[in-house]
2 protein chains.
Amino acid sequence: MITRMSSLFLRTLREDPADAEVPSHKLLVRAGYVRRVAPGGYSWLPLGLRVLRNIERVVREEMDAMGAQEIQFPALLPKEPYEATNRWTEYGPNLFRLKDRKGGDYLLGPTHEELFTLTVKGEYTSYKDYPVTLYQIQTKYRDEARPRAGILRGREFLMKDSYSFDLTDDGLSESYQKHRAAYIKIFDRLGIEYVICSATSGAMGGSASEEFLAVAATGEDTFVRATDSDYAANVEAVVTQAPPAIPLDGLPEAQVHHTPDTPTIETLVNFLNGADLGRTFTAADTLKNVLLKTRKPGETEWQLVAVGLPGDREVDLKRLEASLEPAEVAILDEADFAKNPFLVKGYIGPKALQDNGVTYLVDPRVVTGTAWVTGADKSDHHVVDLVAGRDFTPDGTIEAAEVREGDPAPDGGGTLVAARGIEIGHIFQLGRKYADAFALDALGPDSKPVRITMGSYGIGVSRLVAVLVEQSHDELGIVWPRGLAPADIHLVIAGKDDTLREGGEKLAADLDAAGLSVLLDDRPASPGVKFKDAELIGVPTIVVVGRGLANGVVEVKDRATGEKTEVAVDEVVAHLTGLVRG
Amino acid sequence: MITRMSSLFLRTLREDPADAEVPSHKLLVRAGYVRRVAPGGYSWLPLGLRVLRNIERVVREEMDAMGAQEIQFPALLPKEPYEATNRWTEYGPNLFRLKDRKGGDYLLGPTHEELFTLTVKGEYTSYKDYPVTLYQIQTKYRDEARPRAGILRGREFLMKDSYSFDLTDDGLSESYQKHRAAYIKIFDRLGIEYVICSATSGAMGGSASEEFLAVAATGEDTFVRATDSDYAANVEAVVTQAPPAIPLDGLPEAQVHHTPDTPTIETLVNFLNGADLGRTFTAADTLKNVLLKTRKPGETEWQLVAVGLPGDREVDLKRLEASLEPAEVAILDEADFAKNPFLVKGYIGPKALQDNGVTYLVDPRVVTGTAWVTGADKSDHHVVDLVAGRDFTPDGTIEAAEVREGDPAPDGGGTLVAARGIEIGHIFQLGRKYADAFALDALGPDSKPVRITMGSYGIGVSRLVAVLVEQSHDELGIVWPRGLAPADIHLVIAGKDDTLREGGEKLAADLDAAGLSVLLDDRPASPGVKFKDAELIGVPTIVVVGRGLANGVVEVKDRATGEKTEVAVDEVVAHLTGLVRG
């Protein structure tokens, strides 16, 4: 295929769009791939649509290869199924809602769990029908509070969503693993640098949820990764490595000290190091007890919970909330303290908590045998050498402390470092939530109903166009990976005389005949303008038909490295075919 | 590709869906191609999606071949451009409107004229940039009052819409003709029986608008076609064939007769034939004068208009309205008659009309020299032998009379017959309406702005799936055209023993290796069930691996004709490849 730039609906821009912050947004607009139509709404111009289709094809091929079956739902959906799962309400302002001419309530689908569940229920009845995995590549709608970064976070976007339906937990696990493998193939084929990030701490028994994050400094998602292994996780999912327990024998006795005016960790450490206790204390030697209240779904009463953690760490509320989910969490107010006079602010210790029935959870680092400085439940008093497992026994552990760069990686792969990424895929063991909502059962071999268990899996297809640019560009423009670029070869006719024009046209025709797609710059513009556009557009191989043609050579330039090679005209088709076909 | 029915997400139904009236709706649901999700909203199951994609591919190939460039807009669009053209209001309840979280007004695009115009304006500035034709294949939304017939008239559907942008009227005409030729190729490739129907009478100078209608008894659109030519037209667009004028010399004088109690054509004809006038009269000899009032856009005053037409024909209000567009038309009320006492109800003639300044338009059959019985502007009186061009001269002609089967075809191709069809394509010379709304100008060679002129062109892509079924099915099920079917071969393993199974599997693998797509019925169901499903699903060639295998033959059945052939196993791949490749 030959695409002539003289008639192509493409105008490149010299200036970055005013609203653009990230490189992919700037470059995709400047190079004429997309145009803004509304907040979070973009049109795809010819070259952009080609890249989108190339990515879509890779996704489809791998989904088909794993045995998933493609179907397609409307985007305009009736309210009722989403009311049945409560998502009509839960989605809040992120859902686009509308009424039809008869006043019926509709929504624009954000994801299609409800419809897939109902459809399977409509077709399948017997255990023999299962397992099945269905997918669609479809336009999705979310009324983002802050659409941003061009097509990275739009309100209308193309997504591949798939759903697995299994009879058993093992089946779900298998479907999940098949998806995981397919996603790895997809993102590898797309040449994306990504990590697979645990999204939950694994409390549900195994990786029930993982995110595929493309590594990008401009990403909205933060995560941690190990210095010496593949380990990566959302901060919420990091499991703290507990040190080994310490034998209790021979540990010094706990002693209460008068520590006036030491309600904070800093004042306490300073006081202790000023007193003559024969050793130096740091914040890490103190046990900070943070009071919270939690409430389970459906309950009205709040319960007190205390979290004990080393004094050098803050509570990470997101981690705390993830640990206590689905319960709500709130900070204590003055009324709570007034109601519970045993809580001596700044001097709270485990004893009063547990004596008064407060659930006491500690950081996993608080193992048996560790000795702490902590509150003595009396104003201006602390206890030193309070030993876990001897002087107090916590009610359990909790992942609530902040994760820091330098913390040991949970898998032993060195230490953790912080990184940023863009979510490109998410795989999730849904379990029976939707099957319960719609009573999706299979008739088992014993004629008893078997409740189906589901997984849901998504890839942000249109977002991937931007992700590729985030990961592959330079100061001149985009550098597309081969196979995803809008053409195989960008062929520049660098001059206006007939010999060059004819030479360029002939080469384009020969490349076309060899099965390569050619973006042919046959415009009357100057060579300088054409070179600049070629760099900006980012086709991986740029061929220049210029002065060298008189000597029987053309220039072949690698967009990524900038390396230029002179190739004889009669060898160039074979040369380029070799490059493209690899 | 081999698709195994043992795992395919497909369940055929024995019963027609309760809400289905037309064959395509019944069969597409029963054969498992589509499922209803909401009124006018359908999901595409695996086989349905394949047919849809096959059709989409044909459309895309021909649009690309004609030089149109594919882009894609969002479906969720801001109000402002549609307010600029007044379509936000004009579309009435057919438009899905919604608000985003900030209260901004949006709509779901019914067609995208506004966006295409704005996009071209955003990219192009010079006359050198033109002409350009852009298209998209995209999901469209219309809140139909009465969604019906499954995917034939849905509220969410797939459409190809394209738009041409030209500097001159000749350019527009050329773009229009290119589209017309591309549409002919597309519908021919799809094997659809269709007519190209004039949608306007050609008053704007040539075929400014044509509809492609698939011939179908279940169609919503009526049209007329010629018995002996390709002529077809909407009833509104039929041009009446005027008979030749008659020399005035020697025609009898007009005579006023007392015709008591003859306010209707029937009473008049009966009276005349009872009186001894020496000849027989029919309704066709009378000239009926129908009074109307019209009002031009923006005016407040109504003007009287009279239409004179042969008494055996009724006024077709649609044709009348189309003729008077863009003026409004209304019937006179009693107050109008009271205000204009010269209008003697039942006895109105041309004289009083023209004497009183009423515009008098006649049917094209009222040519010079034709003699009529008509009102004498006096109660109980008519005039006989009132001759056009002698006794009265109309102010012009109008296409307002009903079109009847048996009327001569305007192109001389025999007579007209009525037919029904389904609109599958529409090509339309828009002119400058949208360019005016958005001031889309090109800078001309003389540096003066040139207002762009546009065409708009649509194909109902998803509707075509149903149209194919309407035109190609029998009492057993669907009969897909080759190339559009969900598979090349439907291969039935007609039995459970290992030999048959192995034979079927081997044949499927061989066909797959030969590049054919195979729908393999490897289910444990009975041969009877499998045959029934094969007929219902409608793949054009059904191959049965059954008892004959022991003798080295399989059965090849043509779905359309029912013809069965025994083919030797070692020849069947070549045989089928020949059938499929044509």
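Each chain gets a letter, A, B and so on, in the order its sequence line appears, and its residues count up from 1.
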Please classify the contact of [X] with chain A as side chain, backbone, both or neither, using a heavy-atom distance under 4.5 Å.
X: Leu118(B); value: neither
X: Leu95(B); value: neither
X: Arg97(B); value: backbone
X: Leu49(B); value: side chain
X: Phe157(B); value: neither
X: Arg36(B); value: neither
X: Thr119(B); value: both
X: Asp64(B); value: neither
X: Gln72(B); value: both
X: Val120(B); value: both

Exercise. Based on non-hydrogen pairs under 4.5 Å, which of Leu77(B), Thr139(B), Leu98(B), Leu76(B) is most in contact with chain A?
Worked result: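 Result: the option with the highest number of such pairs is Leu76(B).
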Query - Greatest number of heavy atom pairs closer than 4.5 Å to chain A - which of Pro78(B), Pro131(B), Ala75(B) - result: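 Looking at each option in turn, the highest pair count goes to Ala75(B).
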Under 4.5 Å, counting heavy-atom pairs only, tell me which of [options] racks up the most with chain B.
options: Met1(A), Lys99(A), Arg60(A); value: Arg60(A)
options: Arg35(A), Glu123(A), Gln136(A); value: Glu123(A)
options: Pro46(A), Pro81(A), Gly41(A), Ser7(A); value: Pro46(A)
options: Leu52(A), Val132(A), Leu45(A); value: Leu45(A)
options: Thr3(A), Leu115(A), Leu8(A); value: Leu8(A)

Between [Y] and [X], does any NZ, NE, NH1 or NH2 come within less than 4.0 Å of an OD or OE carboxylate oxygen?
X: Asp521(A); Y: Arg4(A); result: no
X: Arg153(B); Y: Glu144(B); result: yes
X: Asp441(A); Y: Lys121(A); result: no

request  = Could you go through the ring pair (Phe, Tyr, Trp, His ring centres under 6.0 Å) check for Tyr124(A) and Phe9(B) one step at a time?
outcome  = CA-CA 9 Å; Tyr124(A) 279 0; Phe9(B) 190 65; 5.1 Å; yes
Please answer whether the main-chain N or O of [Y] pairs with a side-chain N or O of [X] as donor and acceptor at a distance below 3.5 Å.
X: Tyr163(A); Y: His112(A); result: yes
X: Thr117(B); Y: Tyr434(B); result: no
X: Asp129(B); Y: Ser126(B); result: yes
X: Arg101(A); Y: Asp143(B); result: yes

Checking heavy atoms, do the side chain of Glu70(A), its backbone, both or neither come under 4.5 Å from chain B?
->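 Its backbone and side chain both get close to chain B.
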Contacting moiety of Leu134(A), where chain B heavy atoms sit under 4.5 Å: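 Contact with chain B is through the side chain of Leu134(A) alone.
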query: Do Thr111(A) and Asp161(A) have a side chain donor and acceptor closer than 3.5 Å?
result: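 No pair is found: no donor N or O on one side chain lies under 3.5 Å from an acceptor on the other.
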Under 6.0 Å between the ring centres of Phe73(A) and Phe116(A)?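 Phe73(A) vs Phe116(A): aromatic centres under 6.0 Å.
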message: Walk me through whether Glu113(A) and Arg87(A) qualify under salt bridge (Lys or Arg N to Asp or Glu O under 4.0 Å).
response: CA-CA 10 Å; Glu113(A) 280 82 353; Arg87(A) 291 215 297 167; 3.0 Å; yes
Practice problem: Starting from the C-alpha separation in whole Å, work towards a yes-or-no answer on side-chain hydrogen bond (donor to acceptor under 3.5 Å, both in side chains) for Lys160(A) and Ser162(A). | Solution: CA-CA 7 Å; Lys160(A) 186 285 296 174; Ser162(A) 45; 2.6 Å; yes
